[in-house]
Asks: 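What follows is a structure written as structure tokens; I'll ask about it next.
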Amino acid sequence: MTEKCPNEAEISAFLDGELDEIEKSRVASHIADCQNCQNLLTSYQAIENLIADLPRVETSLEFERAFRNRLDKATQMPFWKKWLQGFFSGWRPVWAAAVAVCLVVGIFMYSRQDDVILNSDEITMVENMEFFQNFEILQHLELLEQWDAMSIMNDRS
Amino acid sequence: MVADPDVELMLRVKAGEIGAFQTLYNKHKNRILSFCYRYSGHRGISEELAQEVFLRVFKAAPRYRPKARFTTWLYRIATNVCLNELRKREYRQKIKSLDNTGENFYLDTPADGDTPSPETHLEERERNRLIKQTLYELPGKQRMALLLRIEGGFRYKEIAHQMGCTENQVKVLIFRGRQNLKKRLTHILGENNDGKMPK
């Protein structure tokens, strides 16, 4: 009794060792008894050999030279980047000192923020802060502004 | 699991060791060139492709993370380079112009040191030219899958990763590639039938 032949894709996968154990066993057992499947497997193997046996190519001197040039260009930094890198790396101690000075100055200025210099009007306001905290008085500030005039009128009367 | 020495080398390239890159390059350059040559069918173009592959390897070094064998990663880059570059219109135009000028398409060096007689050499060259021409006439993805299998020796799972498709698609691509080659190379294979399976 002839077992049904596996499809050609299965024979191809069998050649590549890509079938699972059960399928591999089934196909192997069939091929052993089927001349057509053996011929197909043989022809696929022959194609594999034809391609694998094609002469290899090797890199030429020109190839090596061209690749070296491309690699050099790829690893080369732009001129401005190189300059900046050299500038910062060469003057590193100077830059470190400049940064340190800036930090110190910045900290100093930040700590001096509370030392506010006031003008004479502001000093008066600060001295009379308790007075101004009385909001009722503030609401009638316009009366206070007229206080001097009212005092004079009162004296006259 | 045996450590992959090429992965170790590539990690050293990642650490900045140029010598390690040189070692990797020397080890794989001819294989990659052959691979690109089999795919592109033209020596000049294959050299550009191979250089591009190694350039990308070098540039990718800082980001390299060994998830698989080094060659799987290397051929993934080669696959991308070949599939992308050769889609460009310039390639087709180049090929057309080369066909018109009659330039020799395949410039191979013999694999071994033997020097066959002129007649044998001519026959062998013609035979090889025919095989390569037939391979080149396959659809791009069939050709790529076959080459990764035959030249690279990769499993279907690896090829699927390299080509960005499923294992089943790889299986079909390889099978169809073989089927097409078998039809066209029947006279070389020495068969008288088309190899169809009996029903």
Side-chain angles (χ1 to χ4, degrees), chain A residues 1-20 23-24 27 30-31 33-77, chain B residues 18 21 25 29-34 36-38 43 46-48 50-52 54-55 58-59 106-112 124-125 127-128 131-132 134-135 146-147 149-151 155-157 167 170-172 174-179 181-182 185-186 188-191 193 195-199:
Chain A
M1 186 173 73
T2 309
E3 194 182 330
K4 189 185 171 190
C5 293
N7 62 49
E8 294 183 26
E10 279 183 303
I11 303 276
S12 173
F14 173 79
L15 177 64
D16 293 332
E18 293 283 348
L19 297 180
D20 63 39
E23 285 176 337
K24 183 177 155 186
V27 171
H30 173 85
I31 285 173
D33 294 328
C34 179
Q35 192 58 51
N36 283 331
C37 290
Q38 276 181 33
N39 290 343
L40 185 63
L41 183 67
T42 304
S43 64
Y44 284 164
Q45 184 66 61
I47 288 164
E48 190 113 340
N49 294 340
L50 282 178
I51 294 171
D53 291 345
L54 286 171
R56 295 271 171 208
V57 291
E58 293 179 356
T59 59
S60 59
L61 281 175
E62 188 51 44
F63 177 97
E64 300 292 344
R65 204 176 298 129
F67 178 63
R68 176 58 58 192
N69 285 340
R70 287 183 74 175
L71 195 63
D72 286 345
K73 275 184 191 165
T75 52
Q76 222 173 35
M77 266 186 282
Chain B
I18 298 296
F21 176 76
Y25 168 75
K29 62 183 182 181
N30 289 335
R31 285 183 68 187
I32 292 294
L33 180 61
S34 292
C36 294
Y37 182 39
R38 300 278 176 264
R43 180 65 187 250
S46 65
E47 289 189 347
E48 287 177 23
Q51 287 172 25
E52 180 62 26
F54 284 103
L55 212 57
F58 185 77
K59 287 180 180 176
Y106 301 107
L107 301 170
D108 290 329
T109 55
D112 54 36
E124 192 178 326
R125 277 179 70 95
R127 185 169 172 271
N128 288 337
I131 294 169
K132 283 180 285 192
T134 309
L135 178 63
L146 261 180
L147 287 173
R149 172 74 199 102
I150 297 171
E151 292 272 321
R155 303 300 304 262
Y156 286 6
K157 186 177 178 182
E167 281 186 54
V170 170
K171 178 181 173 183
V172 170
I174 289 176
F175 155 62
R176 289 201 176 137
R178 282 179 170 140
Q179 207 178 35
L181 284 175
K182 186 174 178 303
L185 295 174
T186 305
I188 293 181
L189 294 172
E191 288 186 2
N193 58 39
K196 279 188 182 168
M197 299 296 297
K199 298 288 179 189

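Quick note: numbers below take in every heavy atom, side chains included, and nothing from hydrogens, waters or symmetry partners. Naming: A, B, ... by sequence-line order, numbering from 1 per chain.
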Asks: With a 4.5 angstrom heavy-atom cut-off, which part of B:Leu135 approaches chain A: side chain, backbone, both or neither?
Replies: side chain

Asks: Only counting residues at least two apart or in another chain, list the ones meeting ring pair (Phe, Tyr, Trp, His ring centres under 6.0 Å) with B:Phe21.
Replies: B:Phe58

Asks: Who among A:Glu10, A:Glu62, A:Glu64 has the most heavy-atom pairs with chain B under 4.5 Å?
Replies: A:Glu64

Asks: Taking B:Glu151 first and then A:Arg56, would you say they form a salt bridge - that is, a charged N and a carboxylate O separated by under 4.0 Å?
Replies: yes

Asks: Please name all residues satisfying side-chain contact (heavy atoms from CB on, under 4.5 Å) with A:Asp33, sequence neighbours left out, ordered by chain then number.
Replies: none

Asks: Below 4.5 Å from any heavy atom of chain A, which atoms of B:Leu55 appear? Answer side chain, backbone, both or neither.
Replies: both

Asks: With a 4.5 angstrom heavy-atom cut-off, which part of B:Tyr25 approaches chain A: side chain, backbone, both or neither?
Replies: side chain

Asks: For residues A:Cys37 and A:His30, report the shortest heavy-atom separation together with the two atoms involved.
Replies: SG-NE2, 3.2 Å

Asks: Considering only heavy atoms, which portion of B:Arg31 lies under 4.5 Å from any heavy atom of chain A: side chain, backbone, both, or neither?
Replies: neither

Asks: What are the two closest heavy atoms between A:Ala9 and B:Lys171, and how far apart are they?
Replies: O-CE, 4.0 Å

